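Worksheet: one structure, shown below.
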Amino acid sequence: MLFQQALTYKTIILPEIDSTNNEAKRLIMNGIDGDVLIIAKKQTAGKGRLGRSFYSPENTGLYMSYVFCVDNKLSENAVVTCVAAVATAKAIADLTNLEPKIKWVNDLFLNGKKVSGILCESVTDKLGKTYVIVGIGVNISTNDFPEDLQQTAASLNKKTEAKALANRIVYYLKSFLELENRARVMNEYRRLSFVLNKKVAYVKNSVMHQGIAKNIDDDGRLTVVDDDGNEDIIFYGEISLKLDKECQ
Ligand code: BTN
């Protein structure tokens, strides 16, 4: 698949929005010309994968969507999600010296807690053009998490400007989306993964499965091997992965 790379992109900064991904869809439907980066200081209905929400209080996080046109329809967002995870991890490392790890497929963790999530979506406009929306949330200094997130979410807790972080992420994203860089990026994804060789659990067709995460291939698929040696290949999609003690 070839990505239409734009050298520049338009940046839109909003004081408040329901979700930057929703705003991206509205913009696409009204017609956009070139890549667009949308940043909100606050989201009132930030979305995550699998219908979850993303807590997005004012001025303490980065809530961004980067929108670009692709020249054919994406069947899966898995690779873009993996690329975005590496881009986000590297941008955070550049600006903070922290090294977040990736939990397949779309979450970044620091010290066992989630600091960032990625939600990629694709949309086709009235003219039949397909756009990818890469939605990224990073908890920069959020500390007042609601009770249900207190055990699992954390922040970078660094003085980092959201816009600078967003620009750095886009810089890596555009470079990593180039086809010739793809294999190298997936090697980096595997290096940053903290799921590989760990015990994981997931529900597939309403059945709970457990096994050891053995590999993530260049298309972002996860191979899990159960106690009997059976291999299962998990696709990006409707699966939520649990690790270690969560497996019980
Ligand atoms: C997840 O945790 O499953 C993914 C979270 C993605 C959150 C970001 S914040 C910016 C963009 N807008 C949204 O509504 N979601 C993404």
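Indexing begins at 1, ligand by ligand and atom by atom, following the structure's order. Note that these values count all heavy atoms, side chains included, but never hydrogens, waters or copies made by symmetry. None of the values given here were measured: they were computed from a predicted structure.
Counting only N and O atoms by type, the side chains of Asn21 and Ser65 include a donor and acceptor under 3.5 Å apart. Of the N and O atoms on the side chains of Asn157 and Asn143, at least one donor lies less than 3.5 Å from an acceptor on the other residue.
For ligand 1, the atoms lying closer than 4.0 Å to a non-hydrogen atom of Gly48 are 1 (C), 3 (O), 4 (C), 5 (C). Contact atoms of ligand 1 toward Gly117: 2 (O), 4 (C), 5 (C), 6 (C) (distance under 4.0 Å to a heavy atom of the residue). Close approach to Gly46 involves these atoms of ligand 1, each under 4.0 Å from a residue heavy atom: 14 (O).
In this structure, NZ in Lys42 is found 10.0 Å from CG in Asn59, a value given to the nearest 0.5 Å.
Looking only at side-chain heavy atoms (C-beta outward), Val123 and Thr130 stay at 4.5 Å or farther from each other.
Between Arg190 and Asp218, at least one side-chain nitrogen of the basic residue sits less than 4.0 Å from a carboxylate oxygen of the acidic one, meeting the salt-bridge criterion. In summary, Asp18 and Arg26 engage in a salt bridge, as defined by a charged side-chain N under 4.0 Å from a carboxylate O. A salt bridge does not link Glu121 to Arg49: none of the charged nitrogens lies less than 4.0 Å from a carboxylate oxygen.
For atom 10 (C) of ligand 1, the closest non-hydrogen atom of the protein is Thr20 OG1, 3.2 Å. In this structure, atom 15 (N) of ligand 1 lies nearest to the protein heavy atom Lys47 O, 2.7 Å. Of all protein heavy atoms, the one closest to atom 2 (O) of ligand 1 is Lys114 NZ, 2.5 Å.
Aromatic rings of Phe109 and Phe194 (six-membered ring for Trp) have centroids within the 6.0 Å cut-off, being under it.
Between the choices Arg49, Glu121, Gln43, Met64, the shortest heavy-atom distance to atom 13 (C) of ligand 1 belongs to Gln43.
Residue contacts with ligand 1 for Arg52 are absent, since no atom lies close enough (heavy atoms, distance under 4.0 Å). Under 4.0 angstrom from ligand 1, the non-hydrogen atoms of Asn106 all belong to its side chain. Contacts between Ile118 and ligand 1, counted as non-hydrogen atom pairs separated by less than 4.0 Å, involve the backbone only.
Where the criterion is an N or O separation shorter than 3.5 Å, residue side chain and backbone included, Tyr63 fails it with respect to ligand 1.
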